[in-house]
Number of protein chains: 2
Amino acid sequence: MDHPSSSVRVNREPAMTDVARLAGVSHQTVSRVLNGHPNVREETRLRVRAAIAQLGYRPNRAARTLATGRSQLIGVVAQNSTLFGPSSLLAAFELAAAAQGFVVSVRRVKVLDRDSITAAVEHHREQRAAGIVVIAPTAAADEALAEVPTDTPLVTVDGDPERAGAALVTVDQEAGARLAVRHLLEAGHETVWHVSGPADWFDAAGRMRGWRRTLEEAGAEAPPVSPADWSAASGYRAGLMLARMPEVTAVFAANDHLALGILRAMYERGRSVPGDVSVVGFDDVPEAGYFIPPLTTVRPDFDTVAAQALSLLLSGISGEENGTARRVVTPTLVERDSVGSPTR
Amino acid sequence: MDHPSSSVRVNREPAMTDVARLAGVSHQTVSRVLNGHPNVREETRLRVRAAIAQLGYRPNRAARTLATGRSQLIGVVAQNSTLFGPSSLLAAFELAAAAQGFVVSVRRVKVLDRDSITAAVEHHREQRAAGIVVIAPTAAADEALAEVPTDTPLVTVDGDPERAGAALVTVDQEAGARLAVRHLLEAGHETVWHVSGPADWFDAAGRMRGWRRTLEEAGAEAPPVSPADWSAASGYRAGLMLARMPEVTAVFAANDHLALGILRAMYERGRSVPGDVSVVGFDDVPEAGYFIPPLTTVRPDFDTVAAQALSLLLSGISGEENGTARRVVTPTLVERDSVGSPTR
DNA sequence: GCCCGATTCGTTAGCGCTAACATGAAGTGA
DNA sequence: TCACTTCATGTTAGCGCTAACGAATCGGGC
């Protein structure tokens, strides 16, 4: 291989000066054409564009970032999970950001603890990310964020709805839970049992809160909660317990996979759904309509959440927002066949 | 706001020269410490590190990229889907790449057509990505890749197993299908029906090929294929047809969600699984064990696929590979309760 | 003591781009 | 006609970093 500095580099990527030379203008004029500045003669513009096409020139973003001090990069921190909610959110966000011309760089963390989150955020700051989005559904993640310097716009998704002083987009878990519980109550059930998600998730806490408050408002007694994680396996275990108790006629599961496990447990124990017990889930996973029976569930609109997060971040980047705004997205109820009236 | 050039910029990010000044060395020595070069005295190294810590200095990647001409960035092109396979793959890849110190930038495309893929790849090349990974499970996506200039290392995941001249990592769909079909045949079924994925997906084609060849080898006749997409809804529709035909005793579904739809159709039509008909899926989604009945399925190891893709890409980046290597990951069978012997 | 090689550092010159200012030509109003 | 703005372009100076080279210092072997 030849020595880079001792020979003319052949086959190197064309740079702005190459385009300028070919078009017979200065590099700065090329820059102006590229950035859509006014005050460039139409004919010059065309000549430059032709030269760009002829050379196959592509601007070097690193150089631009260095010169301007800002990048078109949005950093995302998310958990390494294939859970439906987070991954839908991520996909929607990536698509929305790309549509706005942003590059999105995702940093997955194995666990949502303070150190991991801090490291991931720091990583993005090192890239000079224009803005950062953290999907922070647990208390530990949210706490870590409190320590982050505020010179980079940052939006939290699914963070602590109670915490002040951070731009936040979240699904109104409580409202979603109310929808589910009220639906069951209106079908005639005296009370509703709850299989909850992991206690340290805000989503789980919010759904539980909504469940409990709705029961209280209706004057119904709240039965003990069956704690679980988000998996079908833990839903199944909880379901086996609930199936043994004849007084259980309605169950609100913190997500659809838990509900799936519950459906399976009920089926195994010979308790018909919705004949003997009604079940409502949360998330509306694409296959929820094909469970046995098709699952009534609560649907959060992830596209909207993603769009809101992006818009909040962009206004943070442009300096319009001080970073304390919050947007709440309200979910809707999707009625299918897993809810019926109690038999007495 | 003050004019950037007419006043000393206050509060600007510390740069290498600031660290150098504080440590009483040249900026180049700071660079050496940062990049772990030898030939720096231990005492100097410590002084530099102390200065870095004191100032909270973080290197500017854009400047480094500009100076070196290479980035630590891997571009990924993927479809905007929440399908279990692709999204698991993506998550696994992001984690693996981050562990190697790479930044991964994901570009989602809405449809896997030529233009979208080309644009997405071009986008990454503009970023001077060190390497590109394309998850290209359809023929259209794969074709688009043929036109891409080869100066950037590129690895295709789930691309055309038949195409030569591209670095490729793929799951051995055919072998997976053989596992499923042979399992059903060994249970005593005379033949196995197939509900396939979309025809333009290599995954679907490979699974179908494996199914057909295994039947041929066993001397069984291959019944007509029920075409579907990957959704539970289309599995359900196909299932309703199959449920009507008493001769159907074994079904191999191209993925677990199709299988779920089939299970539901069989249930509705009063055909017991696995009593009357056996079903095998593909993917081993986390909740497959909680279907009614728990689903026997084929499990591709996405972590391994991701790891192979990364290692292939890295050897491409370091110039060890000419970009024609291929790695094939063989899936395994996960036996649960949805397969039984035919009643005669 | 002297020479040679290794070690440790500093100096210089870009990487490709944008922002700010400079320049010259053309138009405008009195 | 002349000052005065507007437009179209060129020139210059960095952004923060690394690579290449050069200079000083140090430690032996003879």
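Reminder, nothing fancy here: chain letters follow the sequence lines and each chain counts from 1. Computation of the quantities below employed the complete heavy-atom set of this structure, encompassing side-chain atoms and omitting hydrogens, waters and symmetry-equivalent molecules.
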Under 3.5 Å, which protein N or O atoms sit close to an N or O of nucleotides 10-13 of chain C? Give each pair with its distance.
from: C:dG10; atom 1: OP1; to: B:Ser26; atom 2: N; distance (Å): 3.2
from: C:dG10; atom 1: OP2; to: B:Ser26; atom 2: N; distance (Å): 2.8
from: C:dG10; atom 1: OP2; to: B:Ser26; atom 2: OG; distance (Å): 2.8
from: C:dG10; atom 1: OP2; to: B:Thr29; atom 2: OG1; distance (Å): 2.6
from: C:dG10; atom 1: N7; to: B:Arg32; atom 2: NH2; distance (Å): 2.8
from: C:dG10; atom 1: O6; to: B:Arg32; atom 2: NH1; distance (Å): 3.2
from: C:dG10; atom 1: O6; to: B:Arg32; atom 2: NH2; distance (Å): 3.4
from: C:dT12; atom 1: O4; to: B:His27; atom 2: NE2; distance (Å): 3.4

Legend entry - Side chain to side chain, B:Lys110 and B:Ser116, heavy atoms closer than 4.5 Å: no
Inset, instruction - Consider only side-chain N and O atoms of B:Arg128 and B:Ser71, and report whether a donor and an acceptor are under 3.5 Å apart. - result: no
Inset, instruction - Specify the angle, to 10°, made by the local axes at the two ends of the helix from C:dG1-D:dC30 to C:dA30-D:dT1 when five pairs are taken at each end. - result: 40°
Inset, instruction - Between D:dG16, C:dC17, C:dA19, spot the one nearest the side chain of A:Ala15, thanks. - result: C:dC17
Inset, instruction - Taking all non-hydrogen atoms of both residues into account, name the closest pair between A:Ala130 and A:Pro153 and its distance. - result: O-CD, 3.3 Å
Where do N or O atoms of nucleotides 22-24 of chain C meet protein N or O atoms at under 3.5 Å, pair by pair?
none

Inset, instruction - Report the residues that fulfil side chain to side chain contact (heavy atoms under 4.5 Å, CB included) with A:His123, sequence neighbours left out, ordered by chain and then residue number. - result: A:Arg107, A:Gln127, B:Arg61, B:Val103
Inset, instruction - Kindly say if B:Arg61 contacts the phosphate of D:dC15, meaning a side-chain N or O under 4.0 Å from OP1 or OP2. - result: no
Inset, instruction - Within residues 34-44 of chain A, find the residues that approach DNA chain D with a heavy atom at under 4.0 Å, and present them sorted by residue number. - result: A:Asn39, A:Val40, A:Arg41, A:Thr44
Legend entry - Phosphate contact (D:dA19 OP1 or OP2) by B:Arg70 side-chain N/O below 4.0 Å: yes
Inset, instruction - For A:Ala141, check side chain to side chain contact (heavy atoms under 4.5 Å, CB included) against everything at least two apart and list the hits. - result: A:Leu112, A:Ile117, A:Ala136, A:Thr138
Legend entry - Side chain of B:Met16 - closest among D:dC15, C:dT18, D:dC17: D:dC17
